[in-house]
Structures are given as C-alpha cells and as structure tokens.
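For reference, the structure is listed below as structure tokens.
The residues of the chain are indexed from 1 along the displayed sequence. This structure is a prediction, so every number in the text was calculated from the model and none was measured.
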Amino acid sequence: MSRYTCITDLDHPGLEVFTQLREPQLYHYYEPSPGLFIAETPNVIRRCVAAGYEPVCMLAEESLADEACDILSSWPDTPVYVCPLESMKKITGFALTHGMLCSMRRRELPAAENLLEEIESAALGHAVRLAVLEGVVNPTNVGAIFRSAAALGISAVLLTQDCADPLQRRCARVSMGTVFQIPWTFVPDDWNRLLHTHGYRTAAMALESDSVPVSDERLKHEAKLAIVLGSEGYGLKKETIRQSDYTVLIPMAHGVDSLNVAAAAAVAFWEIVKFV
C-alpha cells in the first residue's frame, strides 16, 4: 500500500521548507543545532540517505511517487508528498529533469584535526591526498570539484570558511551526490599550520616563477600531500602561496594561462593521484 499523499496546494503544511525558506534560513532552522538542506533528484537523494542523513520531508512529481517511497523505505514515518509537475515548476522556476526534492537534517561537521586523524588511520600506510579549497564561492565549481575528488581518489576535501557550502542544493546536485560520500569539513584560518603539524606537504596551484608542472615526480612520492586550489577570481592568497611547500601549474598551450578551478582540480587530481 502506498504511503504518499497527493496534494494540489503548495500551501500544504510541511512544504514551507521547499516553498518559503531560502538556503540561509534552512541552515539555521534548528539553531543552535545544525539545520536543514535540500537534496534534489533521485540519485542524489539515494546517496544522501545511504550516507545516513535523516530525511524530514519529500516532495515529488506524480510519475516518481513509487520511486520516492522506495528511496525512503528505511524511513517509513517520513512524509512523502506528490504533486503534478506543473506545481513543481512553481517552486523551482523551471522544469526539473527529475522532479524530486527532499529536506534533510544536517549533521555536526567533524573538527578538521579529527577528520585528518580518521583519514590517516584509514589509509593504513598508503599515501594520502587531500584537496583544500580556499575561497571557492561558486556552488557549481565546488560541486564539480567534489565529483572529481571522489572519482579520482582524493581522500577528503577541506574548505575555508568563505567557500560555498557543499550541502547547498546546487553543489550537491552538480556533485552527483558525492558530497555525501567523500569526507569533508570546514577548516580554521590556520589550516596551513594544522596540515604541516600533521606531516602534510602542500602544493598550491598558482602561476609563480618557481611553479613546477603538475607532473613533477616529487609530488607523487609525497606520503601526505594537500592540493590547494584558490578562488575563481583571484586565485590563492599570497600568504597561502608563501607558506606552501610547492607551487604547481598545469602547462598550457595557445597563450591560455589558466583553467576554470573545477577543470584545474580534475587535471591535478588525475595527474598527482594516478600513481599513488
């Protein structure tokens, strides 16, 4: 027997998380405890649930009613609302390719130091590769970097406080749900010191006179290496570059001096991780 509720009115109680609240309001929904975020599309929601996040409420278009119930089969008390596709458009402002939204409870993020200890324990003597994002504010770029990090063997992603939130709806969607699979957390301002204290060498992606190619053999032989990527507009801070053990570039052709940060991350991850 199906357990979803068919609705025609988006003012239905419980749907305000989809229709009325913006991302910052969702973030503070249970303050001082962690708030909510919205996961979108069946694949992303499945990965979110599989990672242990608690669903609060599901909204799906009519054709996806049974699939929505299947995704939440382990959460039988979570309400599932079903509406016509046209109603979904009113919420999003555009036609969703896969019309399904689910509000989820956030979890407490681990302290950066604790996350590093967990990663190193799990590595069992193998090389560890981290990605550090400094001031990457575009949600699409953050999501794309997570997808590459998960696919290409990065152990974890660390983000400075001014980066886009990986659980932001667009980030999670672009990442194809890998934000729920790869360990990550936000780091304090002294993250460079923290990494060096834990024995990491840092490789700053930057166009400097002493930059080495991303294929440099020394990078591949580091036991613990953090690949540091900067903001879309200004790159890395000068102090970050100064404190790094390497500055690294991707050789270019045709007078092009740089790639989009998400594209650069994919190239760097592939080149530095592939022989580890």
Does the cation-pi check pass for R105 over Y53, that is, NZ or CZ under 6.0 Å from the six-membered ring centre and within 45° of its axis?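 R105 over Y53 ring: no.
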Return yes if some donor-acceptor pair links the side-chain N/O of [X] with the main-chain N/O of [Y] below 3.5 Å, else return no.
| X | Y | value |
| --- | --- | --- |
| R169 | L101 | no |
| S175 | R147 | no |
| E16 | G14 | yes |
| S211 | A206 | yes |
| T185 | P110 | yes |
| R201 | A226 | no |
| Q243 | T240 | no |

Would you say [Y] ends up clustered with [X] if hydrophobic residues are merged whenever their side chains have heavy atoms under 4.5 Å apart, either directly or through other cluster members?
| X | Y | result |
| --- | --- | --- |
| M176 | I145 | no |
| V137 | L133 | no |
| I182 | L109 | yes |
| I38 | Y27 | no |
| L219 | L207 | no |

Looking at Y30 versus F37, is the centre-to-centre ring distance below 6.0 Å?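 Centroid distance Y30-F37: not below 6.0 Å, so no.
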Give, for atom [atom1] of [X] and atom [atom2] of [Y], the distance between the pair rounded to the nearest 0.5 Å.
| X | Y | atom1 | atom2 | result |
| --- | --- | --- | --- | --- |
| H198 | R193 | NE2 | CZ | 8.5 Å |
| F180 | C48 | CZ | SG | 4.0 Å |
| H28 | S33 | NE2 | OG | 13.0 Å |
| W184 | C163 | CH2 | SG | 10.5 Å |
| I7 | L15 | CD1 | CG | 4.5 Å |
| K237 | R242 | NZ | CZ | 13.5 Å |

Would you indicate whether the side-chain heavy atoms of [Y] and [X] approach each other to under 4.5 Å?
| X | Y | value |
| --- | --- | --- |
| E40 | M100 | no |
| V179 | L167 | yes |
| L225 | I272 | yes |
| L72 | T78 | yes |
| L249 | M205 | no |
| H196 | T202 | yes |
| F146 | V174 | no |
| T5 | V80 | no |

For [X] versus [Y], what's the shortest heavy-atom pair and its separation?
| X | Y | result |
| --- | --- | --- |
| A164 | L159 | O-CD2, 3.9 Å |
| F186 | P166 | CZ-CD, 3.8 Å |
| P55 | M104 | CA-SD, 3.5 Å |
| A203 | V248 | CB-CG2, 3.8 Å |
| A131 | F269 | CB-CZ, 3.7 Å |
| A112 | L194 | CB-CD2, 3.7 Å |

Can you check salt bridge (charged side-chain N to carboxylate O under 4.0 Å, His left out) on D165 and R170, steps first, answer last? CA-CA 10 Å; D165 175 15; R170 188 187 303 174; over 6 Å; no
Ignoring hydrogens and geometry beyond distance, is a side-chain donor-acceptor pair present between [X] and [Y] at under 3.5 Å?
| X | Y | result |
| --- | --- | --- |
| E222 | Y246 | yes |
| S231 | E134 | no |
| D162 | T160 | yes |
| E120 | Y200 | yes |
| E232 | N260 | no |

Pair D245 + R218: basic N to acidic O under 4.0 Å: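 Answer for the salt bridge query: no.
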May I ask you to decide whether E54 forms a salt bridge with R106, counting only side-chain N to carboxylate O separations under 4.0 Å? no
Could you walk me through whether L158 and L115 pass the side chain to side chain contact (heavy atoms under 4.5 Å, CB included) check? CA-CA 9 Å; L158 305 179; L115 181 59; 3.9 Å; yes
Any chance CG of D189 has more than 12 other-residue heavy atoms, nucleotides or ligands included, within less than 6.0 Å?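 It does not: D189 CG has 12 such atoms or fewer within range.
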Any chance you could lay out the side chain to side chain contact (heavy atoms under 4.5 Å, CB included) test for I241 and T247, step after step, and finish with the verdict? CA-CA 7 Å; I241 296 172; T247 51; 3.5 Å; yes
Applying side chain to side chain contact (heavy atoms under 4.5 Å, CB included), run through L130 and L195 and close with a yes or a no. CA-CA 10 Å; L130 304 179; L195 288 178; 3.8 Å; yes
Go through E271 and K220 one step at a time and tell me if the side chain to side chain contact (heavy atoms under 4.5 Å, CB included) criterion holds. CA-CA 9 Å; E271 185 61 48; K220 295 163 187 170; 3.0 Å; yes
